Amino acid sequence: MESQEPQVKNSPLMPSMYTNRVALKTILKSGDGETGLIGTTVVVGGWVKSSKEVKKEPLPPPQSPPPAAADAFPAASHGTKDVNCVEILQSRIPFFRTIIRVLGGSASSPAVRQKLESLIPKPPPPSIFFLDINDGSCVSSLRVVIDSAIVPVSAGQILPTGTCILAQGVLGNPSALGKQTIELTVEKILHVGTVEQDKYPLSRKRLPLDSLRDYPHIRPRTTTVASIARIRNTLDFASHTFFQNRGFLHVQVPIMTTTDPEGFSEKFQVTTLLGETSKKESPVGVSDADGVNPETVKAAIQEKSSLVEQLKRSDSNREALAAAVQDLKKTNELAQQIETREKSKPVTAVKPDLVSFNADFFGRQIYLTVSGRLHLESYACALGHVYSFGPRFRADKTVSAKHVAEMWTVEAEMAFAQLEDAMKCAEDCFKFLCRWILDNCSEDMKFVLKRIDKTVAHRLEYMASSSYDRISYREAVEILRKVTDKAFETQLQWGVPLTDEHLSYLADDHYRRPVIIYDYPKAVKPFYVRLNDDGKTVAAFEMVVPKIGTVIIGSQNEERFDMLNARIKEFDLSKDQYEWYLDLRRHGTVKHSGLSLGFDLMVLLATGLTDVRDVIPFTRTHGKANN
């Protein structure tokens, strides 16, 4: 059912922008109290979270009037009251009975009368539908009540979980069912988006978060993922607010770049040469596996596996399940054929040292950026304080709960600033975000406390108000070497990177609060970090947080031309690619510092979850990118 949304007048509730629909949070969080909205007519829309059907008592059969043709059809069209389909059908029953008496004769022909009686259309008994709908604007759902005797609708249309409904009705006191303090009695249904129950992943039982990762396009409809999305939005706004309120300018840096800011990270290369090569290739032989894209087969296996799981969860017949299992088996066999074919082929990958990139789209090698700080420096050296917010990419195949291939990062650069200034900015920013989420996301945080982590609010409050210890890398090593009640997997010695295990011990066990570690060995930090006077360490820092690990990294960058040029050679980097970066030292160089905040890790901290894949809307990991 579809129609134009009516303009509801004289309503104290403001509709959503660009639509006449009222967001549920404005009803469920009304400043007047929900009872002050009783009697208000509104249009609401959302998706069914749960539903219940209650059968009404059947109406008594109508009395048969005299069999006069003039009385057989009531003059409904001449009355002043509108009638619905059920009432019209019931009003015609006396007429049908009159015809039966005429055709069926006297009591001597009961069989004929019974036959004709069975032909009389029997209207379905009316029902009352209780739907809990949610539109994503808040955690709570609104109870919607539909009387099928007033609003003709079937159970199959509106009851299934996931059904989308847009309806106009009147807000009133709740009925006996449910714990709601207000509900909507529907007067008119404007739209129903039905659901294929046997294919809808959320229709049966509650799925764990790791299973929901297979449905990134559907999982926002769950209460947990919806709350994560709203918390993420709040932190996004807070990040911009922090820097904007402190005089930083927002600068958009490129996602594709010719330089590698870190000098030793795994990068995604961007090229059009592979596509051109594949166009020139011709098939060698023919088999079931030839001409089939391996990725297409992998996607088919995943889709068919999901179908099998859905059939197992549902009450579908065994024949459908057996057919789906057999289809999946054949697809797996095809995948094995393709794998065998690929292994037998000669390696034809495009190798950078064997291919001329002059014919590539950009005429040179280019990569997805791992950091935007180098480009931010050029604007900081002209505008003072700048920041950026965007995705960063690492082609790291390691499976980790804290890192994936694409992660969002907040980066800042400050001219005329040294390491101490960057560490102060990092601490202020982190505390600001902790406080902001507590003050501006109370309903979602209550849900997190109830369903995910009971201690997260206390942890955020403590981190927003406590002071942070600052220790050098050397001091951190000394502390870790004195640990006797724990054996670390990685042998600790000066000059090697601190592992997640080391950092976790310092923040969770030793200090039990965030700690900032600075002055790292030069070999474990990027080439652009300023070399300290000892010639062994650089002016870099990491902020390590309990439960999460490193959330913010930063540094004072090398402003001396000779020192930076030497570091580029030390890392065996192409000087041609960094000439523009050296220009910043040739022309008006200045001391400057910056930082990078792992935004996805900040969301992980605020939600109390343990895997970053559950807080990123569309996760990209090694071997998997669903949408």
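Nothing fancy with the numbering, it's 1 onward along the sequence. All values derive from a computational prediction rather than experimental measurement.
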Exercise for the section: Could you check if a side-chain atom of M423 sits within less than 4.5 angstrom of a side-chain atom of M543, using non-hydrogen atoms only? Expected result: no
Exercise for the section: Indicate whether the side chain of Y528 and that of E377 have a donor and an acceptor atom separated by less than 3.5 Å. Expected result: no
Fill in the blank from the handout: One should read off an interatomic distance between L564 CG and D562 CG, to the nearest 0.5 angstrom, of 9.5 Å
Exercise for the section: Of all the heavy-atom pairs spanning L595 and A422, show the shortest one and how long it is. Expected result: CD2-O, 3.8 Å
Completion exercise
Heavy-atom closest pair (C434 atom, M602 atom, distance to 0.1 Å) is SG-CE, 3.8 Å
Exercise for the section: Return yes if some donor-acceptor pair links the side-chain N/O of T589 with the main-chain N/O of E559 below 3.5 Å, else return no. Expected result: yes
Practice task
State whether a side-chain donor-acceptor pair under 3.5 Å links R560 with N565.
Solution key: no
Exercise for the section: Decide, yes or no, whether a salt bridge links R474 with E478 under the criterion of side-chain N to carboxylate O below 4.0 Å. Expected result: no
Exercise for the section: Mind listing the closest non-hydrogen atom pair of C441 and I231 along with its distance? Expected result: SG-CG1, 3.8 Å
Practice task
Can you measure from CZ (F243) to OG (S388) and round to the nearest 0.5 angstrom?
Solution key: 10.5 Å
Exercise for the section: Determine, using ring centers only, whether W436 and F242 are less than 6.0 Å apart. Expected result: no
Exercise for the section: Determine whether the side chains of D453 and T455 contain a donor N or O and an acceptor N or O closer than 3.5 Å. Expected result: yes
Practice task
Report yes if some heavy atom in the side chain of L605 is under 4.5 Å from a heavy atom in the side chain of V456; otherwise report no.
Solution key: no
Practice task
Apply the test salt bridge (charged side-chain N to carboxylate O under 4.0 Å, His left out) to residues D611 and R213: give CA-CA distance (whole Å), side-chain angles for both, the deciding distance (0.1 Å), then the verdict.
Solution key: CA-CA 11 Å; D611 198 309; R213 295 171 198 158; 3.6 Å; yes
Practice task
Could you give me the CA-CA distance, side-chain angles and deciding distance for N557 and R373, then say whether side-chain hydrogen bond (donor to acceptor under 3.5 Å, both in side chains) is met?
Solution key: CA-CA 10 Å; N557 297 350; R373 287 192 58 194; 3.2 Å; yes
Exercise for the section: Describe, in one word, how the ring planes of Y505 and F488 are oriented to each other, choosing from parallel (under 30°), tilted (30 to 60°) and perpendicular (over 60°). Expected result: perpendicular
Problem - Salt-bridge criterion met for K424 and D421 (N-O under 4.0 Å) - result: no
Problem - Donor-acceptor contact below 3.5 Å, side chain N134 vs main chain C138 - result: yes
Practice task
Check whether any side-chain N or O of S593 sits under 3.5 Å from a backbone N or O of Q418 as a donor-acceptor pair, and report yes or no.
Solution key: yes
Practice task
Determine whether W408 and E406 make a side-chain contact, defined as any pair of heavy atoms from C-beta on separated by less than 4.5 Å.
Solution key: yes
Problem - Distance flag, aromatic centroids of Y387 and H250, threshold under 6.0 Å - result: yes
Problem - Heavy-atom check, side chain of V225 versus side chain of R219, under 4.5 Å - result: yes
Handout entry: Side chains of T619 and P216 in contact at under 4.5 Å (non-hydrogen atoms)
Key = no
Exercise for the section: Indicate whether any N or O donor in one side chain lies under 3.5 Å from an N or O acceptor in the other, for D360 and T272. Expected result: yes
Handout entry: Inter-residue atom distance T621.OG1 - H403.NE2, 0.5 Å rounding
Key = 14.5 Å
Exercise for the section: Answer yes or no: is there a donor N or O on one side and an acceptor on the other, between the side chain of S211 and the main chain of L207, under 3.5 Å? Expected result: no
Exercise for the section: Run the salt-bridge test on E443 and K446 with the 4.0 Å N-O cut-off and return the result as yes or no. Expected result: no
Exercise for the section: Decide yes or no on ring-ring contact (aromatic ring centres under 6.0 Å, His included) for Y367 and F268, but give the supporting numbers first. Expected result: CA-CA 5 Å; Y367 311 93; F268 287 102; over 10 Å; no
Handout entry: side chain to side chain contact (heavy atoms under 4.5 Å, CB included) assessment of F389 paired with T409
Key = CA-CA 6 Å; F389 190 3; T409 305; over 6 Å; no
Fill in the blank from the handout: Note: I182 and L28 closest approach over all heavy atoms is CG2-CD2, 4.2 Å
Handout entry: Any donor-acceptor N or O pair under 3.5 Å, side chains S400, T398
Key = no
Handout entry: N-O pairing of R470 and E420 below 4.0 Å
Key = yes
Problem - Within the 6.0 Å centroid threshold, strictly below: Y511 and Y468 - result: no
Problem - side chain to side chain contact (heavy atoms under 4.5 Å, CB included) between K267 and L368, intermediate numbers included - result: CA-CA 7 Å; K267 306 179 292 296; L368 294 181; over 6 Å; no
Exercise for the section: Look up atom OG in S467 and atom NZ in K431, then write down how far apart they are to the nearest 0.5 Å. Expected result: 6.5 Å
Practice task
Please report the closest heavy-atom contact between F541 and G594, naming both atoms and the distance.
Solution key: CE2-O, 4.3 Å
Exercise for the section: Go through the side-chain N and O atoms of T234 and N440 and say whether any donor and acceptor fall under 3.5 Å apart. Expected result: no
Problem - Side-chain ion pair, R513 and D508, N-O less than 4.0 Å - result: no
Handout entry: Donor on one side chain, acceptor on other, E411 and S371, under 3.5 Å
Key = yes
Practice task
Answer yes or no: is there a side-chain heavy-atom contact under 4.5 Å between F561 and R586?
Solution key: yes
Practice task
Tell me yes or no: between the side chains of T550 and E542, is some donor less than 3.5 Å from an acceptor?
Solution key: yes
Practice task
Please indicate whether Y462 has more than 12 foreign heavy atoms, meaning atoms of other residues, nucleotides or ligands, lying under 6.0 Å from its OH.
Solution key: yes
Problem - Residue pair K522 / F571: nearest heavy atoms and the distance that separates them - result: O-CZ, 4.4 Å
Exercise for the section: Start with the C-alpha distance between E558 and R530, add both sets of side-chain angles, then the distance that settles side chain to side chain contact (heavy atoms under 4.5 Å, CB included), and finish with yes or no. Expected result: CA-CA 4 Å; E558 187 60 76; R530 194 180 199 275; 3.7 Å; yes
Exercise for the section: Ignoring hydrogens and angles, tell me if any N or O in the side chain of S504 forms a donor-acceptor pair with the backbone of D500 under 3.5 Å. Expected result: no
Handout entry: Presence of salt bridge, D135 and R21, under 4.0 angstrom
Key = yes
Problem - T537-D534 side chain donor-acceptor pair, cut-off 3.5 Å - result: yes
Exercise for the section: Find out whether the Lys NZ or Arg CZ of R246 is both under 6.0 angstrom from the six-membered ring centre of F432 and within 45° of the ring's axis. Expected result: yes
Handout entry: Any donor-acceptor N or O pair under 3.5 Å, side chains D444, S227
Key = yes
Practice task
Test the R585-Y581 pair against the cation-pi criterion, namely NZ or CZ under 6.0 angstrom from the six-membered ring centroid and within 45° of the ring axis.
Solution key: yes
Practice task
With side chain to side chain contact (heavy atoms under 4.5 Å, CB included) as the test, would you mind laying out the steps for T223 and V139 before giving the verdict?
Solution key: CA-CA 7 Å; T223 306; V139 174; 4.0 Å; yes
Completion exercise
Between the CD1 atom in I548 and the CG atom in L604, the distance rounded to the nearest 0.5 Å is 4.0 Å
Handout entry: Donor-acceptor contact below 3.5 Å, side chain T369 vs main chain M256
Key = no
Practice task
Walk me through it: do F416 and H592 pass the test ring-ring contact (aromatic ring centres under 6.0 Å, His included)?
Solution key: CA-CA 5 Å; F416 309 99; H592 52 282; 9.6 Å; no
Practice task
Output the distance between atom OG1 (T271) and atom CZ (F362), rounded to the nearest 0.5 Å.
Solution key: 10.0 Å
Problem - Ion pair K486/D509, N-O distance below 4.0 Å - result: no
Problem - Heavy-atom side-chain proximity of L492 to V477 below 4.5 angstrom - result: yes
